[in-house]
Amino acid sequence: MISAHPKHIAIIMDGNGRWAKARHLPRLAGHNAGAKAVERTLKAARKYGIAFITLYAFSSENWSRPQEEIDGLMKLLSKTLQDYTKTAAKENIRLWVSGEREPLPPALLTQIDEAIAATAQNTGLTVNLALNYGARQEITHAINAAIAAGEKDISPDTLRRYFYHPDLPDPELIIRTSGEERLSNFLLWQAAYSEFYFTPVLWPDFDETEFEKALAAYQNRSRRFGGI
Ligand code: IPE
Ligand code: IPE
Ligand code: MG
């Protein structure tokens, strides 16, 4: 049976550093090229009518990188957000962010809040940026929030109401580039029944053709959800 396109695709955008290293460039050049791949991918997602796309942009563990790389990434995020706000208005894109606010730079947080507010009424593709995101953090955040709200006897459905975005459907498809085959603390709960697509392509080389390959692979999966 041919399944419909996924409603929600989540991407672990990995391999920027290796892409740069292969070209004897600084790692930040890889991240810059990665930002262009984001643009191409969002265009492809719109073309195929995908409703939600989550992009793993910075993990809770990425703070362990050299300060220079962290600063460069924060600057790039700010610039990308600035450029993309115009596209979002034109293309009816809604921006969401998943992750903890602390210790992101206050100026970036203000910019994010403004972009979220400016696009909140848009009804096209929802781009959910996983920023300072960790799945264990999201789950413990939800448990603490549920307790604080006085919830007793927490069920999976109760817990979901306290995730960063309760209305975000689970991703049917999770893509990871660069040949690594692990989740790296990404969407541990939501990935319970996701299909995985791993490709050796480095994130800065990802484009519409690679996106189509992932969609085609998804079409060939048989999803049983424990049934037969
Ligand atoms: C992914 O690329 C981008 C981020 C984690 C921010 P990497 O920077 O992890 O690239 P590699 O894995 O070192 O090649
Ligand atoms: C995962 O990539 C995080 C992002 C893509 C933002 P990493 O490169 O940080 O993951 P590990 O360290 O190889 O597991
Ligand atoms: Mg990596």
Side-chain angles (χ1 to χ4, degrees), residues 8-42 44-45 52-84 95-105 108-109 111-112 127-139 141 163-165 168 171 173-191 194-207 210-211 214:
H8 180 193
I9 298 178
I11 308 184
I12 304 172
M13 313 182 288
D14 200 10
N16 295 353
R18 279 162 281 171
W19 184 93
K21 194 173 182 203
R23 287 162 181 75
H24 308 285
L25 293 168
R27 291 181 58 87
L28 278 172
H31 295 313
N32 278 320
K36 299 205 174 71
V38 167
E39 234 173 273
R40 291 194 294 270
T41 303
L42 294 183
F52 297 90
I53 190 157
T54 294
L55 299 173
Y56 205 4
F58 194 88
S59 76
S60 356
E61 287 72 38
N62 287 147
W63 296 107
S64 64
R65 295 192 177 198
Q67 194 58 42
E68 190 191 346
E69 180 169 350
I70 294 173
D71 293 345
L73 277 167
M74 293 301 143
K75 239 168 117 178
L76 177 63
L77 276 161
S78 165
K79 190 185 166 294
T80 307
L81 212 57
Q82 198 178 356
D83 296 347
Y84 210 70
L95 178 79
W96 282 2
V97 171
S98 286
E100 293 294 325
R101 292 173 72 88
E102 289 288 319
L104 288 167
L108 180 63
L109 287 171
Q111 199 190 350
I112 286 169
V127 178
N128 180 37
L129 205 59
L131 180 59
N132 190 20
Y133 178 87
R136 288 179 173 176
Q137 287 80 346
E138 176 171 35
I139 294 165
H141 158 96
F163 282 166
Y164 296 130
H165 285 290
L168 184 70
L173 174 65
I174 296 180
I175 298 172
R176 183 167 189 153
T177 57
S178 88
E180 308 299 345
E181 301 189 353
R182 57 177 169 267
L183 276 173
S184 302
N185 203 13
F186 188 50
L187 303 178
L188 299 181
W189 177 287
Q190 295 87 339
S194 302
E195 298 296 329
F196 290 90
Y197 178 80
F198 298 112
T199 169
V201 170
L202 300 174
W203 178 250
D205 293 324
F206 199 82
D207 59 11
E210 297 301 330
F211 187 84

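Source: prediction; values computed, not measured. Counting starts at 1 for both ligands and their atoms, in listed order.
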Find out whether [X] and [Y] are in side-chain contact, i.e. whether some heavy atom of one side chain is under 4.5 Å from a heavy atom of the other.
{"X": "Ile12", "Y": "Leu55", "answer": "no"}
{"X": "Tyr56", "Y": "Ile11", "answer": "no"}
{"X": "Thr41", "Y": "Phe206", "answer": "yes"}

| Just by distance, do the side chain of Asn185 and the backbone of Ser59 share a donor-acceptor pair under 3.5 Å? | no

| message | When you measure from the side chain of Asn132 to the backbone of Glu100, do you find a donor-acceptor pair of N or O atoms at a distance under 3.5 Å? | response | yes

| message | Give the atom numbers and elements of ligand 2 that come within less than 4.0 Å of a heavy atom of Arg182. | response | 11 (P), 13 (O), 14 (O)

| said: At less than 4.0 angstrom from any non-hydrogen atom of Phe58, what atoms of ligand 2 do you find? | reply: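 Under 4.0 Å from Phe58, ligand 2 has these atoms: 6 (C).
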
| field | Shortest heavy-atom approach to atom 3 (C) of ligand 1 - which of Asn16, Asp14, Ile70 | value |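 Answer by nearest heavy atom: Asn16.
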
Side chain, backbone, both or neither: which part of [X] comes within less than 4.0 Å of ligand 1 when only heavy atoms are counted?
{"X": "Ser59", "answer": "neither"}
{"X": "Asn62", "answer": "side chain"}
{"X": "Glu61", "answer": "neither"}

| task | Before giving the answer on side chain to side chain contact (heavy atoms under 4.5 Å, CB included), spell out for Leu131 and Leu104 the whole-Å C-alpha distance, their side-chain angles and the decisive distance to 0.1 Å. | result | CA-CA 9 Å; Leu131 180 59; Leu104 288 167; 4.0 Å; yes

| message | Could you check whether His141 and Tyr164 have their ring centres less than 6.0 Å apart? | response | yes

Under 4.0 Å from a heavy atom of [X]: give me the atoms of ligand 1 that qualify, with their elements.
{"X": "His31", "value": "3 (C), 8 (O)"}
{"X": "Arg18", "value": "11 (P), 12 (O), 14 (O)"}
{"X": "Ala57", "value": "6 (C)"}

| Taking non-hydrogen atoms only, is Ala130 closer than 4.0 angstrom to ligand 2 via side chain, backbone, both or neither? | neither

| request: Using the ring of Trp63 (Phe, Tyr or Trp, six-membered ring only), decide whether Arg65 places NZ or CZ under 6.0 Å from its centre and within 45 degrees of its axis. | output: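 Judged by the rule, Arg65 and Trp63 form no cation-pi pair.
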
| query | Between Gly17 and ligand 1, is there a nitrogen or oxygen pair with a distance under 3.5 Å? | reply | yes

| request: Using protein heavy atoms only, decide if any is under 4.0 Å from atom 12 (O) of ligand 2. | output: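 So far as the 4.0 Å threshold goes, atom 12 (O) of ligand 2 is out of reach of every protein heavy atom.
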
In the protein, which heavy atom is nearest to [atom], and how far is it?
{"atom": "atom 5 (C) of ligand 2", "result": "Met13 O, 3.4 Å"}
{"atom": "atom 10 (O) of ligand 2", "result": "Arg176 NH2, 3.3 Å"}
{"atom": "atom 14 (O) of ligand 2", "result": "Ser184 OG, 2.6 Å"}
{"atom": "atom 6 (C) of ligand 2", "result": "Tyr56 O, 3.3 Å"}
{"atom": "atom 7 (P) of ligand 2", "result": "Arg65 NH2, 3.8 Å"}

| query | Does Asp14 come within less than 4.0 Å of Arg176, counting only side-chain N to carboxylate O? | reply | yes

| Flag if over 12 foreign heavy atoms under 6.0 Å of CZ, Arg23 | yes

| request: To the nearest 0.5 angstrom, please state how far the CD atom of Gln82 sits from the NZ atom of Lys79. | output: 8.0 Å

| query | What atom name does the N, O or S atom of Asp14 nearest to the Mg ion (ligand 3) carry? | reply | OD1

Is ligand 1 less than 4.0 angstrom away from at least one heavy atom of [X]?
{"X": "Arg27", "answer": "yes"}
{"X": "Ser178", "answer": "no"}
{"X": "Gly34", "answer": "no"}

| request: Report the C-alpha separation of Trp96 and Val127 in whole Å, then their side-chain angles, then the decisive distance to 0.1 Å, and conclude whether the side chain to side chain contact (heavy atoms under 4.5 Å, CB included) test is met. | output: CA-CA 6 Å; Trp96 282 2; Val127 178; over 6 Å; no

| Stepwise salt bridge (charged side-chain N to carboxylate O under 4.0 Å, His left out) test for Arg18 and Glu180 | CA-CA 12 Å; Arg18 279 162 281 171; Glu180 308 299 345; 2.9 Å; yes

